[in-house]
Amino acid sequence: MTAHVRVPRGLRLPSDVVSDAGRVAFLTDVIAGLSADPKRIPPKYFYDERGSQLFEAITRTPEYYPTRTELGILTEHAADIARVIPDGAAMIEFGAGALTKARILLAAAPVSVFVPVDISGDFLAGEAAKLAAELPDLTVRPVAADFTAPFALPAEAEQRPRVGFFPGSTLGNYEPHEAAAFLRHAGQIIGPGGRLIVGIDLVKDVDVLNRAYNDASGVTAAFNLNLLRRINRELGGNFDLDTFWHRAFYNREHHRIEMHLASRVRQRVRVDGRCFDFRRGETIHTESSYKYTTELFRALAAGSGWRLAETWTDRDGWFAVHALVRA
Ligand code: AVJ
């Protein structure tokens, strides 16, 4: 809603109703998460506009290797990856965003129909229109949807061999049992004989991992703390950002990076009129980012109806792009 339009108090516009549904879900998850022990908030709430910009800034820090490493693998092995994509295929990208990674595959593979799926519909429509103008022979059919829930495929993607594309190690944000459920769900959408190309961050030297989530310029800390700013703004919270600090470390036992917001002091915080008490040092667990060896990932895929057919990695073995075939 633009600032200069005066809306009488109490008059609700359709845009308020839409954003209300999102606010209710956010509030419900925050209240439940801050009432739990240990406290936690799901990482999907990082990505308001400022959070999305901060994530882009993270990918440009020297310490955060995943994005540039995956782009390198896709570029170097585009022709090999293209060979697992059948002629005339429909490619479905989960959580599509700016389409930078898809462009690399689309330039190399015989894809006829491209279906980028993303929750932020306006941004997606703009990116899809640009791509369609660049590649006139490709049919581009964006779908604005939460890809973790069932959604309808456009008619053009039916009756074609289907390939899923899930880059960025986003799968690593799920708990392993949720990742298995997602892979099974993706198998339903993609159908018998379908393929899935998925980017996964690999288990590696602990210092490299810890540095990637504790960049010297503090962008990751700002990204983590922005969640409290968002709660203050959207949910009427009164978090004092100066009394929390960003804490990220590799948990070897669970092969995951954990991000937390730790309270510097014993304090009481209010959100939407409710009180939450923090001990000094108590944390909110805001993200887990699981790392998989290729063997661990093969087992996860096999247990979810997929056979690991091929793997491409960088020289250092820091990141993997896997091709899965539906078993
Ligand atoms: C977008 C989920 C892949 O886990 O590395 C980056 C998010 N968090 N730095 C990741 C993130 C902190 C990122 N993923």
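As the structure lists them, so they are numbered: ligands from 1, and atoms in each ligand from 1.
Rounding to the nearest 0.5 Å places CG of L196 at 13.0 Å from CZ of R307.
For atom 4 (O) of ligand 1, the nearest non-hydrogen atom from the set S289, S169, P43, G199 comes from S289.
The nearest protein atom to atom 8 (N) of ligand 1, hydrogens excluded, is given as E287 OE1, 2.6 Å; this is a heavy-atom distance. Regarding atom 13 (C) of ligand 1, its nearest protein heavy-atom neighbour is Y64 OH, 3.3 Å.
When non-hydrogen atoms are compared, ligand 1 lies under 4.0 Å from the side chain of Y47 (C-beta onward) but not from its backbone. With a heavy-atom cut-off of 4.0 Å, F46 does not touch ligand 1 at all.
Put simply, the side chain of H246 never gets that close to the backbone of M259: no donor and acceptor are under 3.5 Å apart. Judged purely by atom type and a 3.5 angstrom limit, R162 has no side-chain atom pairing as donor or acceptor with the backbone of G191. Remark: side-chain polar atoms of E70 are paired, donor with acceptor, to backbone N or O of G168 under 3.5 angstrom.
Shortest non-hydrogen contact noted between E287 and H285 is O-NE2, 3.1 Å.
Residue contact check: G168 has heavy atoms under 4.0 Å from atoms 3 (C) of ligand 1. Atoms of ligand 1 found under 4.0 Å from any heavy atom of N173, numbered from 1 in the order shown, are 2 (C), 4 (O).
Side-chain atoms of E175 and Y290 include a donor-acceptor pair closer than 3.5 Å. Counting only N and O atoms by type, the side chains of T69 and D314 include no donor and acceptor under 3.5 Å apart.
Checked against a 3.5 angstrom limit, the closest N/O atoms of Y213 and ligand 1 fall inside it.
Under a 4.0 Å heavy-atom criterion, F55 is in contact with ligand 1.
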